[in-house]
Number of protein chains: 2
Amino acid sequence: MSKIHDVAKRANVSIATVSRVLNSSDHKVSAKTAEKVRQAVKELDYRPNALARALQINKSMTVGVIIPDIANHYYAEIVRGIQKEADKEGYNIILQNTDRNPKRIVRSINLLREKVVDGIIFSGGIISGYEPLSVLQEFRDRVVVIGRHDVNFPAIMVDNISGASQAVQHLIDLGHTKIGFIGWAINSTTATDRLSGYKSALAQNRCRFDKTLVREGKLTPESGYAEAKKLLSGKEVPTAIFAGNDQMAFGVIHAAMEFGLKVPDDLAVVGFDDIPLSSFFVPPLTTVEIPKFSLGTSSMRALMNLISGKNTSRIKLHKTKLIIRKSSQIN
Amino acid sequence: MSKIHDVAKRANVSIATVSRVLNSSDHKVSAKTAEKVRQAVKELDYRPNALARALQINKSMTVGVIIPDIANHYYAEIVRGIQKEADKEGYNIILQNTDRNPKRIVRSINLLREKVVDGIIFSGGIISGYEPLSVLQEFRDRVVVIGRHDVNFPAIMVDNISGASQAVQHLIDLGHTKIGFIGWAINSTTATDRLSGYKSALAQNRCRFDKTLVREGKLTPESGYAEAKKLLSGKEVPTAIFAGNDQMAFGVIHAAMEFGLKVPDDLAVVGFDDIPLSSFFVPPLTTVEIPKFSLGTSSMRALMNLISGKNTSRIKLHKTKLIIRKSSQIN
DNA sequence: AGAAAAGTGGTAAACGTTTTCCTAAAAATT
DNA sequence: AATTTTTAGGAAAACGTTTACCACTTTTCT
């Protein structure tokens, strides 16, 4: 691994000159010397040591990305978006999986601090307590958060309220009045927003809100299955169920089959997220698509703006899109 | 952000002493001074600058991970495994998504070279041409490859042959003799290995190999659907189909429904991979589970061995596991 | 008691860059 | 032709660590 010194020696110039050529500094160097240097660089296949560079200029061209679970398609897509955008400007990303474990979140942040990242994108889901956040504070103006606005950082948000509202409106348009909703943990803003959207669509159409039609589960097919069974064996049986995410929706469909109900004829089902298999489920699932990739690019762009001192808008809201498939609509 | 100098000043010692306390070096420092230092560190919330450290000791505690697509569950799980293992020893990972684009692979490697990573885990899928590999050569003894052994690096492999063979054996045990196979690109070792496993199981049971029952598609539900339709409308209609991966298997089930065939009664279907939704598909899919997470931990462990000079076995083969669900077995 | 060894601390030289000064030559101005 | 300005290059000081080397005490050994 050759160093700038080697290049300098080979080109018969000082290391300062080499550096200047490579960084196209405003300190001029003659075309001839520049060429000599470039030649030497090529011959030695020289690559500057980014560590030394980062140490000197106090900029590592690296950002940290903190997420709960990379195996979750939602976060994976976000990371993909971040990558794509980071790539454009030569940034690299250091990934941190936290499994939603507060201790690991703190650890991650501290690690990133040591590694001297230029900024952090945080998409941690629920943060219980405030320790992680206070640690984040040290990064102040170099943090972007995805999915929460209850915190003093620029935030990239999903319009869950209108997304859910759209979905329910769709069911109402199809003639449904008894629409079930399966949500999850009420300490998640995402969950409460989707519930709000559900309620608001009902209200706007003067449908009665029946709280026995609302259940709280977990974000898994198993849970969707279990909660759907409860709804379907309740007193008021819904003709449509809006599940808090696609995984739950799959569970709902499963339960429907067990009850001998055909989807969508006897029970319409709508999910949320549009995970990859939704389109190929049997029946294909009507769902609300989240622009995950855009959340990624958008957050990275916001972070880069922050880093370079440009100010970004406090909150950027991303719209969702209703994708109508067979699980809600008869033929 | 306080530096080692600040700590030294506060504790009334030299920076050398601070460093020695923090790195528990073999150069001793008295318990009393050590305590002074630790106190100062705590008071200032000092964190050593990993960049400066890396530059000095020539070890960045960072490894590069090159994969085609983080949004693919297979790779996401691998990354999760890598993370988990890396975390144990304080390593961080820099992620590189290549979209299987050779140019980006080269770019990624060079970038990692600049960032002075301690090693690289490469799981690139098919590499067309050799440029990327030759660039990798520079890392010589600090590279681990996942999923290919045709290259001179330590490799973490999946036993696709026996995995496929197990799956087909299972179908044979159920009484099937006309078993279709949908594979994909023959320039992928994974694809050819699964085909080999298919053939070998047939041979072991003295079943005739009928090449009209073998088709080549792509790794998507759409393709599985299309190829299954061809198989089901062929001259020899299979009573079971072994799809090269789960996504294709979903397509196969879809096609079966369109042909009015019940799964598994009229057509047994087996996939490969065990992606998250396979268990909750309707019907739940019999499939061959790949220990993706283990591939990750295993590769990271191998890499860390390599880095620390221990030698690793050239190839580590991971066994798969047949998971029997409803899509193959009539209760 | 004297010498050797062990314990404890500091100074300064690395690690590989970028960048601030300087300086010398060349070009432009008077 | 003398002066100023511009251009082009080098020397050396940073960036924040680790560690080799040195020096002074204290302990241990003969």
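This structure is a prediction, so every number in the text was calculated from the model and none was measured. Just so we're on the same page: letters track the sequence lines, and every chain starts at 1.
- Residue T17(B) places its side chain closer to dG10(C) than to any other of dG10(C), dG7(C), dT17(C).
- Phosphate contact (OP1/OP2 of dG9(D), side-chain N/O of S30(A), threshold under 4.0 Å): present.
- Distance K32(A) NZ to dA26(C) P: 11 Å, rounded to the nearest Å.
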Step-by-step side chain to side chain contact (heavy atoms under 4.5 Å, CB included) determination, R113(A) to D45(B)
CA-CA 11 Å; R113(A) 192 148 70 105; D45(B) 190 24; 3.1 Å; yes
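- Residue R53(A) contributes atom CZ, which lies 8 Å from atom C1' of dT18(C) at whole-angstrom precision.
- Each of V13(A) and K3(B) lies near DNA chain D, and the nucleotide nearest V13(A) is the one positioned closer to the 5' end.
- Closest contact between the side chain of I57(A) and the listed nucleotides dA14(C), dT19(C), dG10(C) involves dT19(C).
- The interatomic distance linking H5(B) (NE2) with dG16(D) (C1') rounds to 11 Å, in whole Å.
- Look at K28(B) and you won't find any side-chain N or O under 4.0 angstrom from OP1 or OP2 of dT8(C).
- Contact between the side-chain N/O atoms of N49(A) and the OP1/OP2 oxygens of dC15(C) is not found at any separation under 4.0 Å.
- As rounded to whole Å, 11 Å separates atom P of dT17(D) from atom CD of Q56(B).
- Closest approach to the A16(A) side chain among dT19(D), dG16(C), dA11(D) is made by dA11(D) (side chain taken as heavy atoms from C-beta onward).
- Applying the 5.5 angstrom centroid cut-off and the 30 degree plane-angle cut-off, the aromatic ring of H27(A) is not stacked upon the base of dT19(C).
- At most 12 non-hydrogen atoms from other residues, nucleotides or ligands lie less than 6.0 angstrom from NZ of K103(B).
- If you measure from atom NZ of K115(B) to atom C1' of dT17(C), you get 15 Å, rounded to the nearest angstrom.
- Two residues, A34(A) and Y46(B), neighbour DNA chain D, and the one matched to the more 5' nucleotide by heavy-atom proximity is A34(A).
- Phosphate contact (OP1/OP2 of dG9(C), side-chain N/O of T33(B), threshold under 4.0 Å): present.
- Of the candidates dT18(D), dT17(D), dT18(C), dT17(D) carries the atom nearest the A52(B) side chain, counting heavy atoms from C-beta on.
- Under the 4.0 Å criterion applied to side-chain N and carboxylate O atoms, D87(B) and R104(A) are assigned as salt-bridge partners.
- When rounded to the nearest whole Å, the span between CG of L51(B) and C1' of dA14(D) equals 15 Å.
- Of the candidate nucleotides dC21(C), dT17(C), dA12(C), dC21(C) has the atom lying nearest to any side-chain atom of R20(A).
- Taking a cutoff of 4.0 Å between a charged side-chain nitrogen and a carboxylate oxygen, R301(A) and E89(A) qualify as a salt bridge.
- With respect to E85(A) and K88(A), a salt bridge is recorded, a charged nitrogen being found less than 4.0 Å from a carboxylate O.
- To the nearest angstrom, P of dG10(D) lies 12 Å from CD1 of I4(A).
- Whole-Å rounding puts the I15(A) CD1 to dT18(C) P distance at 9 Å.
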